[in-house]
Amino acid sequence: MDQVTVTLPDGSTRQMPMGTPVREVAASISPRLAAAALAAAVGDRVVDLTHPLEEDASVRIITKDGPEALELYRHSTAHLLAAAVTSLFPEAQCGIGPPTEDGFFYDFVVDRPFVPEDLEAIEAKMRELASLDLAYERKMMSKAEAKRYFADRGEPLKVQLIEEKGGPIVSCYTIDGVFMDFCTGPHVPSSGVLKAFRVLTSSNAYWKGDAKNQPMQRIYGTAFFTNKALEEHLTRLEEAKKRDHRKLGRELGLFTFHKWAPGATFWLAHGTTLWNLLAEYMRAMLFPEGYVEIRTPLVFNKQLWETSGHWEHYREHMFLVESEGEPYGLKAMNCPGHMLVFASEVRSYRDLPIRYYDQSVLHRNEASGVLAGLTRARQFCQDDAHCFVTREQIGDEVERLLRLVQRVYADFRLDFSVELSTRPETFLGDTKTWDQAEHQLEQALEASGQAYVVAEGQGNFYGPKIDFHVIDAIGRNWQCATIQLDYQLPERFQLKYIGTDNAEHRPVVIHRAIFGSFERFIALLIEHYAGAFPLWLAPVQTIIVPIADRHGDYAETVATRLREAGLRVEVDARQEKMGYKIREAQLRKIPYMLVTGDREAADNAVAVRHRTDGDQGACAVDAFIASALAEVRRRS
RNA sequence: GCCGAUGUAGCUCAGUAGGUAGAGCGCGUCCUUGGUAAGGACGAGGUCACCGGUUCGAGUCCGGUCAUCGGCUCCA
């Protein structure tokens, strides 16, 4: 019989009879590996353990530690879910069921939405099927055979998928006869390896994600190799719930909402303090970089939006109003207004770059179903700026911006990743200009030492962009900063500057924001810090806790001194025991509690309690002020 | 916008089989002047989201509207 040569990751080789399933490779290495094997990588293909070796190849056995393992495991768990659903709901039609970043989902057409009891029953059924250790087997069928099979099973969506995606021979997987799915695989060898999974939620989805198609019910679940990892993930979900900015925002008195202004924030005193701190911070960062702050109208005549192109492309997201028969729109972005400011004077190349910063209120008429606290609002403010530059200045300007973004996120102790998005399939302008711009962005990224990935074809139709994804304390991603080149808007507004050659030239506009929006960034900060803001951002930095009524005057004296030093202070003079006041201050996550009693009043001191480090003992008032101010400056 | 769920006191929630509402926290008054996460007593507070219907009678059943939540789609 013909032999094939198998090369293992350590470089050693083995001869196996042609057609040997890769499972045997694992077995030939060790019984332990054979038992742990989930799949195998043959060359650069990930395959089932039953995959026959037909030619010389490098083989790597995939166990739970392999990079592809979790995705594959979750995919197999999604099949198990579908098997359970079709077993409990024979009329259910299956859609698709891929693994996701945190687990998996599977879409079904059913008569009625799933209720929590259904999900429990489905999970129980999955456990039952898992405990039976049913084999996952690949079946190759002709396209016609597969279509007939799924048509007979009452799975028209699968028939459609096979028609669209299948070759002459299609790959399907069974779970020991109880379930069959059209799927390229690979899968785990049997359901017994699926141990730590959980059905989480169900919700509506549409066939192929299009609301014009038929509605389906999506079931989300998650799966891990160990119960410990599963529990940790569920704990993380709980933690995310605890940090939810909507909950903390109410508890900490930062903001509120009212049904008469859906999607618009009422900033309460403490929230406004935070907002203003961020605004002051951003101005302090931008002014030395050559930005000037401007303020532009909120309501513009339709003609502006026609010129900018928003009337054509964005009207359904705009709040429209009318005055004396003339149509107006509330601005959804600042750029068109900034174009008018640029055009309001004759510009020379000597004036460039011009950098307009604007914290104006923006309104976007978002669909009611997508509103969510501060992260998805109808009214918000961006830390928005537009840099008007010559083509030659793009690289320098972007490089300056990259360094600025790095400094800002460092101040908030936020990690982030960077993505360069290049020319999409449909774009405006010429490819030469695009190539040049992309090259300049790349060079700027290289020069700034910033690691990044390229997202091919993900740029805006009007120019390439660099996006920043902030990673918060519990590992979630938030899209914040963006740097977008725009060749179109200057064109539409006929912007020009006079060059060294005394001729008119078109400037390029760079749209850029670092926070993104104040609303979303504050939501991020609340969840990142779990409401316990660092001293420099805490709306109330210190609370003074007099022990008894007779200490009230001294407490006020201390408070005045702290305020004069620039600290944000409250005095809790209520007739409550100090344990009560301290508990409340702890729950409000106030960084410093300063207890003032007889001893402190006598020594011109305060007894310092830190919200996380506890009782720090007595400290002279001046010494406390000095150390608190130092902490504010460190932003730690 | 679409699908589903939810909407009871400022907050978190009970409310059983339709018979005009309860708790804890918070709030107010009084007592207590207390040294590092809840002292005690009494009290006020609700058109049960809104509109309409069924019924002798609706927080409870039905329809509609609005908002919120979880998703879809979209996005700062």
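Just so it is clear: chains get the letters A, B, ... in the order the sequence lines come, proteins before strands, and each one is counted from 1.
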Between the side chain of [X] and the main-chain N/O of [Y], is any donor-acceptor distance below 3.5 Å?
X	Y	result
A:Arg413	A:Ala410	yes
A:Arg378	A:Arg364	no
A:Glu519	A:Phe380	no
A:His245	A:Leu374	yes
A:Arg315	A:Trp311	yes
A:Gln479	A:Ala481	yes
A:Thr482	A:Arg512	no
A:Gln616	A:Gly614	yes
A:Asp384	A:Gln359	no

Residue pair [X] / [Y], side-chain heavy-atom distance below 4.5 Å:
X	Y	result
A:Thr272	A:Phe255	no
A:Glu289	A:Arg400	yes
A:Leu157	A:Met216	yes
A:Lys208	A:Gln160	yes
A:Val361	A:Gln379	yes
A:Ile483	A:Leu402	yes

Can we call the ring centroids of [X] and [Y] under 6.0 Å apart?
X	Y	result
A:Phe108	A:Tyr106	yes
A:Phe412	A:Phe533	no
A:Phe521	A:Phe515	yes

*Would you say the base of B:rC75 and the side-chain of A:Arg520 have a donor-acceptor pair closer than 3.5 Å?*
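Between B:rC75 and A:Arg520, which were checked side chain against base, a qualifying N/O pair under 3.5 Å is present.
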*Does A:Arg376 get its side chain close enough to the base of B:rC74, under 3.5 Å, for a donor-acceptor pair?*
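Answer is yes: a donor-acceptor pair is held.
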Considering only [options], which nucleotide approaches the side chain of [X] most closely?
X	options	value
A:Ser368	B:rG1, B:rU36, B:rU68	B:rG1
A:Ala205	B:rC72, B:rU32, B:rA76	B:rC72
A:Gln586	B:rC75, B:rA37, B:rG70	B:rA37
A:Val370	B:rA76, B:rU68, B:rC74	B:rC74

*Could I get the full list of salt bridge (Lys or Arg N to Asp or Glu O under 4.0 Å) partners for A:Arg611, not counting sequence neighbours?*
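Salt bridge (Lys or Arg N to Asp or Glu O under 4.0 Å) check on A:Arg611 returns nothing, list empty.
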List in numerical order all residues of [range] for which some heavy atom is under 4.0 Å away from an atom belonging to RNA chain B.
range	value
residues 595-606 of chain A	A:Val595, A:Gly597, A:Asp598, A:Arg599, A:Glu600
residues 272-282 of chain A	none
residues 457-479 of chain A	A:Gln479
residues 537-550 of chain A	A:Ile547, A:Ala548, A:Asp549, A:Arg550

_5′-ward residue of the pair A:Gly373/A:Tyr314 relative to RNA chain B_ =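 Closest to the 5' end, via its nearest nucleotide, is A:Gly373.
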*Of A:Gly263 and A:Gly516, whose closest RNA chain B nucleotide lies nearer the 5' terminus?*
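Final value for this comparison: A:Gly263.
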Polar atom pairs between nucleotides 7-12 of chain B and protein, under 3.5 Å, N or O only, would you list them?
{"residue": "B:rU12", "atom": "OP1", "partner": "A:Arg250", "partner atom": "NH2", "Å": "3.0"}

Close N/O contacts between protein and nucleotides 27-30 of chain B (under 3.5 Å):
none

*Neighbour count >12 (heavy atoms, 6.0 Å) for atom CD, A:Glu101*: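 12 or below, so no.
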*asked:* Does A:Gln406 have more than 12 heavy atoms from other residues, nucleotides or ligands lying within 6.0 Å of its CD?
replied: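 More than 12 within 6.0 Å, yes.
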Name the nucleic acid region contacted by [X], choosing base, sugar-phosphate or nothing; use a 4.0 angstrom heavy-atom cut-off, strictly under.
X	answer
A:Ala607	base
A:Gln382	sugar-phosphate
A:Leu587	base
A:Thr201	nothing
A:Arg218	sugar-phosphate
A:Phe515	nothing
A:Ala377	base

*Is the charged tip of A:Arg74 near the ring of A:Phe104: under 6.0 Å from the six-membered ring centre and within 45° of its axis?*
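The answer is no; the distance or angle limit is not met.
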[X] has an atom [atom1]; how far is it from atom [atom2] of [N], in whole Å?
X	N	atom1	atom2	value
A:Leu119	B:rG70	CG	C1'	12 Å
A:Lys577	B:rG35	NZ	P	7 Å
A:Lys581	B:rA38	NZ	P	15 Å

Could you give the distance separating [M] and [N] at their [atom1] atoms, to the nearest angstrom?
N	M	atom1	value
B:rG24	B:rA9	P	16 Å
B:rU68	B:rU8	C1'	15 Å
B:rC13	B:rG70	P	14 Å
B:rG45	B:rG1	C1'	39 Å

*For RNA chain B, just give me the dot-bracket, please: Watson-Crick or G-U, both distances below 3.5 Å, ( ) intra-strand, [ ] crossing earlier pairs, | paired with another strand, . unpaired.*
(((((((..((((.....[..)))).(((((.......))))).....(((((..]....))))))))))))....
*Within residues 244-267 of chain A or reaching into it, pairs that qualify as salt bridge (charged side-chain N to carboxylate O under 4.0 Å, His left out) - sequence neighbours excluded*: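 Qualifying pairs, neighbours excluded: A:Asp244-A:Arg246, A:Lys247-A:Glu251.
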_Residue pairs fulfilling side-chain hydrogen bond (donor to acceptor under 3.5 Å, both in side chains) with at least one residue in residues 578-599 of chain A, sequence neighbours excluded_ =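 Residue pairs passing side-chain hydrogen bond (donor to acceptor under 3.5 Å, both in side chains), neighbours aside: A:Arg550-A:Asp598, A:His551-A:Asp598, A:Glu570-A:Arg588, A:Arg574-A:Glu584, A:Gln586-A:Arg609, A:Tyr592-A:Glu631.
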_The criterion is ring pair (Phe, Tyr, Trp, His ring centres under 6.0 Å); which residues satisfy it with A:Tyr409, sequence neighbours excluded?_
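With neighbours one apart ignored, the set is A:Phe416.
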*May I ask you to evaluate whether A:Arg378 reaches the phosphate of B:rC74, defined as a side-chain N or O under 4.0 Å from OP1 or OP2?*
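It does not, given that no N or O in the side chain of A:Arg378 lies less than 4.0 Å from OP1 or OP2 of B:rC74.
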*Any idea how A:His511 and A:Tyr462 line up, ring-wise: parallel (<30°), tilted (30 to 60°), or perpendicular (>60°)?*
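Geometry flag for A:Tyr462 against A:His511: tilted rings.
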Distances under 3.5 Å only, N/O to N/O: pair up the protein atoms with those of nucleotides 3-6 of chain B.
{"residue": "B:rC3", "atom": "O4'", "partner": "A:Asn204", "partner atom": "ND2", "Å": "3.4"}

